[in-house]
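Excluded from the calculations below are hydrogen atoms, water molecules and symmetry mates; all remaining heavy atoms, backbone and side chain alike, are included. Start at 1 and go down the list; that is how both ligands and their atoms are numbered. Note that the numbering runs from 1 along the sequence shown for the chain.
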Amino acid sequence: MTKDLRVNADRMLASFNQLALIGATAEGGVNRPTFSEAHLAARKWFREDIERAGLEFHTDGAGNHSALLPFEPSNLPTLILGSHLDSVPNGGRFDGALGVIAALEVLRTVKESGIKLNVNLEAIDFTDEEGTLVGLLGSAAISGHLHPEMLQAPRGGRDNLVEGMQRAGLSDESMLSAVRPQDSFAGYLELHIEQGKRLERAGINIGIVSAIVGIWSYRLSFIGRADHAGSTTMDDRLDASLGAGAFTLAAREMVMKDFPSCVVNVGNMDFAPGAFNIVPARVDVSLEFRSPDEEEFKRLDAALLLLANTEAIRFGLELKYENLGNHSPSLMSDKVQRAYVEACDDLGLTHTSLTSGAGHDGQSLADLCPVGMIFVPSVNGASHSPKESTKWDDCVNGANVLLQAALRLGT
Ligand code: GLV
Ligand code: MN
Ligand code: MN
């Protein structure tokens, strides 16, 4: 009976623990930015684990790594399950890794069961979900949403992208060649940790995602004038740090007051020349903001750029800005959400509907095929930190929901 099928929790834990050793940090997390040595080592391990499982291995021009479990006839569309093995700098063991390990375990379980499906199954590790280089890169590549200009001005910098691609044996051309025919997609399912506190606080097993926020990124440059930090009077300075600092504070206030469903983040400031005794001539600000709604995004975008300009003028500075990529918000498929609800009910797991404030690869695919995600509780909501943790029973619950939803959608 397919309804009785369950993942092998011990085997999944063994794989999870082996993977967590790759790029492990002293604080208990992992450091696997895209195309770093540790990231490439994790991908090599994944390939070996796929082969140990007796599954077909596949890679593409975007560097995505996959396990394949094909069925007959040969032209079936593919139901993709997965997540990502890259991490943010000094990240946690669960973000992305859990979804890849669970996807592979689902394929192993289905293969062992001998069940025949009406779709091929694929367990994928998408390239650069986290945006070290571009963000949602592998999923944008297979879905046809990757355009040459996105590779020319990526948010991680063109030089880092080129260097990384060289290390991985990839190129702009190969990236763009990874696009798949639309009719090859039967759907995309992902298990992920919640990265927030809602499930833990409510004591609920599974979150079924209704929508994923969009993410827009900019580099803002506040440009003033380098001067002697001792002999220039305070009123005679064109100090770029004042524009950057005032913008950061004002952006927070504006978003909290006028855009309550959005968030804004200044993740980095780069000072030039960057010395104790020189008035900052230029500050480059890494700006990211998120919204679940496309129209609100446009209003927030305009409001933030106006604010940056206002603060620049206030301190006599010039403002330059460069857009470094827009990922649209996405609604998740009703059909996939229903499959998750039925799977949770059959497994006796409590569930709730929630939105994702984190970006995920599903948003690249949501306009091509049915996409749906589930979350499992994050201990203390910690994420993008070595403190990231999810109880193993919760991880197994999530993998079983993923398995049962895949069976529902694939039979
Ligand atoms: C990815 O985890 C993101 O939301 O930044
Ligand atoms: Mn993730
Ligand atoms: Mn992440």
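Close placement of the Tyr188 and Phe126 rings is indicated, their centers lying within 6.0 Å of each other.
Taking every heavy atom of Ala358 and a limit of under 4.0 angstrom, the matching atoms of ligand 1 come to 4 (O). Near Gly359, meaning under 4.0 Å from one of its heavy atoms, ligand 1 places the atoms 1 (C), 3 (C), 4 (O). Per-residue contacts place Glu130 under 4.0 angstrom from the following atoms of ligand 1 (heavy atoms of the residue considered): 1 (C), 2 (O).
Taking distance alone, with nitrogen or oxygen atoms compared against 3.5 Å, Gln195 stays at or beyond that limit from ligand 1.
Using bins of under 30°, 30° to 60° and over 60° for the plane-to-plane angle, the ring pair Tyr321/Tyr218 lands in the perpendicular bin.
One option in Arg290, His360, His84 has a heavy atom closer to atom 5 (O) of ligand 1 than any other, and that option is Arg290.
Salt bridge annotation for Arg290-Glu288: present, with a cationic side-chain nitrogen under 4.0 angstrom from a carboxylate oxygen. We find that Glu51 and Arg47 are joined by a salt bridge, their nearest charged nitrogen and carboxylate oxygen being less than 4.0 Å apart.
For the residue pair His351/Asp345, the side-chain donor-acceptor check at 3.5 Å is satisfied.
The one candidate from Gln363, Gln337, Glu190 that meets the side-chain contact (heavy atoms from CB on, under 4.5 Å) condition with Met373 is Glu190.
Identified under the side-chain hydrogen bond (donor to acceptor under 3.5 Å, both in side chains) test for residues 9-21, with sequence neighbours left out: Arg11-Glu105, Arg11-Glu112, Ser15-Asp49, Ser15-Arg108, Gln18-Trp45.
At distances below 3.5 Å, not a single donor-acceptor pair connects side-chain atoms of Thr34 with backbone N or O atoms of Leu133.
Protein atoms of type N/O/S that fall under 2.8 Å from the Mn ion (ligand 2) number 3 in this view.
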